[in-house]
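The sequence lines fix the lettering, A, B, ..., with proteins before strands; numbering per chain opens at 1. Since the structure is predicted, the reported quantities are computational estimates derived from the model, not experimental observations.
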Amino acid sequence: MFADVFERLREQHGPQEGWWPADSRFEVMVGALLVQRTTWRNAAVAIERLKQVRCMTAERLAHIGTDELRMLIKPAGFFRVKATRLKKLARFVISAGGLDSLSGRQTVELRNQLLELEGVGPETADAMLGYVFDRPVLVVDAYTRRLFARLYHPSPALSDTALKRDAEATLGTTQALNEFHALVIAHGQRCCSPTPSCEPCSLRAICGFEREGQSRLA
DNA sequence: CACCAGGGTGGTT
DNA sequence: AACCACCATGGT
């Protein structure tokens with residue numbers, strides 16, 4: 001299932017190497033928080049503004065004034081809660097002894113510690129594991145659920161943990177799982193809108209189930 | 001104008 | 001466990 005979908009997505013949208021560009025791993029962590037429930041476009045503006053004032057480091061973020069931080073990240077939306085969460089993230093990284101120190105921990109333990117952070121749920125934790133700590137995990141987001149709900153239709157949708165387990169067992173490597181996530185988003189942004197409109201889409205048999213009656217791969 | 005975007009939290013039933 | 005309101009800006 002995952003290998004087949006991966007092939008078709010890559011066929012249609014091309015390789016997604018170099019997705020999630022950033023100058024540092026810490027910048028990826030910041031981006032993972034800032035992009036929550038907004039577009040990458042808006043999050044990128046906030047990221048640029050942080051870099052312009054040299055605040056894209058754990059040390060600077062931990063000490064910057066909350067009001068100033070709020071103003072800087074305002075374009076990303078939810079700026080009050082996100083400012084608080086960014087400062088807690090920065091303090092966590094510092095107290096842990098830096099990202100290299102965090103990298104030495106077991107994956108399950110690291111994931112649980114990320115989940116303890118305010119504002120870091122399952123998806124953000126997995127994004128950090130995959131794109132910061134090089135761990136082979138599937139990031140399950142709204143696009144992923146929507147695509148596979150349509151794929152399995154009319155059968156009931158798989159749980160997030162079931163999707164993760166299958167994808168991680170099938171695709172295996174961090175690179176493949178990260179690229180798969182990028183492909184799902186690229187596909188979702190073009191074809192799999194909330195209201196299916198996959199006319200030009202080669203995965204139309206999957207996405208257009210409402211017009212086709214049932215989903216199918218063949 | 002309404003709706004959506006690469007979630008998460010806290011409260012209620 | 002399944003809902004709900006809330007957080008807030010910017011594009012279509």
**Message:** Between dG8(B) and dG10(C), how far apart are the two P atoms, rounded to whole Å?
**Reply:** 22 Å
**Complete:** Ranking R37(A) and R41(A) by the position along DNA chain C of their nearest nucleotide, the one closer to 5' is R37(A)
**Prompt:** Would you call the rings of F180(A) and F6(A) parallel, tilted or perpendicular if under 30° counts as parallel and over 60° as perpendicular?
**Reply:** parallel
**Prompt:** How far does the C1' atom of dG6(B) sit from the matching atom of dA2(C), given to the nearest Å?
**Reply:** 24 Å
**Request:** Mind checking V120(A) for me? I need base, sugar-phosphate or nothing, with any heavy atom below 4.0 Å counting as a touch.
**Result:** sugar-phosphate
**Message:** Between P on dG10(C) and CG on L34(A), what's the gap in Å once rounded to a whole number?
**Reply:** 13 Å
**Asked** Taking everything shown except E118(A) itself, do over 12 heavy atoms lie less than 6.0 Å from its CD?
**Response** yes
**Message:** Need one value for L117(A): base, sugar-phosphate or nothing, where a base atom within 4.0 Å counts as base even if backbone is also close, heavy atoms only.
**Reply:** sugar-phosphate
**Prompt:** In Å, rounded to the nearest 0.5 Å, how long is the span from OG of S159(A) to CZ of R165(A)?
**Reply:** 7.0 Å
**Fill in**
From CG of D126(A) across to C1' of dG8(B) the rounded distance in Å is 14 Å
**Message:** Tell me whether D126(A) is salt-bridged to R135(A), with the criterion being a basic N under 4.0 Å from an acidic carboxylate O.
**Reply:** no
**Prompt:** In terms of side-chain heavy atoms of N42(A), which of dT9(C), dG6(B), dG7(B) is nearest?
**Reply:** dT9(C)
**Item:** Selection: residues 18-27 of chain A, any non-hydrogen atom under 4.0 Å of DNA chain B
**Value:** W19(A), W20(A)
**Message:** Heavy atoms only, 4.0 Å cut-off, all strands: where does K74(A) land among base, sugar-phosphate and nothing?
**Reply:** sugar-phosphate
**Request:** Give a yes/no on whether any side-chain N or O of R80(A) is located under 4.0 angstrom from OP1 or OP2 of dT9(C).
**Result:** no
**Asked** To the nearest angstrom, how far is F180(A) atom CZ from dG6(B) atom C1'?
**Response** 15 Å
**Phosphate OP1/OP2 of dG6(B) contacted by Q36(A) side-chain N/O (<4.0 Å)** = no
**Request:** Rounded off to whole Å, could you give me the CH2-to-P distance for the W40(A) and dG10(C) pair?
**Result:** 17 Å
**Complete:** R85(A) CZ to dT9(B) C1', in whole Å, measures 6 Å
**Other residues, nucleotides, ligands: >12 heavy atoms within 6.0 Å of Q106(A) CD** = no
**Fill in**
Rounded to whole Å, the CG-C1' distance (L33(A) to dG8(B)) equals 10 Å
**Complete:** Closest of dA8(C), dG8(B), dG6(B) to the F78(A) side chain is dA8(C)
**Partner set under side-chain hydrogen bond (donor to acceptor under 3.5 Å, both in side chains) for Q16(A), not counting sequence neighbours** = none
**Message:** Can you tell me the base-pairing partner of dT12(C)? Count Watson-Crick or G-U wobble geometry only, both distances below 3.5 Å, and say none if there is no partner.
**Reply:** dA2(B)
**Fill in**
T38(A) has its side chain closest, among dG6(B), dG7(B), dA5(B), to dA5(B)
**Request:** Considering only atom C1', compute the distance from dC7(C) to dC1(B) and round it to an integer number of Å.
**Result:** 22 Å
**Message:** Less than 4.0 angstrom from a charged side-chain N to a carboxylate O is my criterion; do R8(A) and D4(A) meet it?
**Reply:** yes
**Fill in**
note: R70(A), atom CZ; dT9(C), atom P; distance rounded to Å ~ 12 Å
**Message:** Counting the atoms with a prime plus P, OP1 and OP2 as sugar-phosphate, which does T124(A) contact under 4.0 Å by heavy atoms, base, sugar-phosphate, or nothing?
**Reply:** sugar-phosphate
**Request:** Would you mind telling me which of dG6(B), dA8(C), dG8(B) lies closest to the side-chain atoms of Y143(A)?
**Result:** dG6(B)
**Item:** Most 5' of L115(A) and H181(A) on DNA chain B, judged by nearest nucleotide
**Value:** H181(A)
**Item:** Derivation of the side chain to side chain donor-acceptor pair (under 3.5 Å) call for T144(A) and D141(A)
**Value:** CA-CA 5 Å; T144(A) 313; D141(A) 57 16; 2.6 Å; yes
**Asked** For the pair made of CE in M128(A) and C1' in dG8(B), what is the distance, rounded to whole Å?
**Response** 12 Å
**Asked** Where does the angle between the aromatic ring planes of W20(A) and Y131(A) fall among parallel (under 30°), tilted (30 to 60°) and perpendicular (over 60°)?
**Response** tilted
**Fill in**
Paired to dG10(B) by Watson-Crick or G-U wobble criteria (both distances under 3.5 Å) is dC4(C)
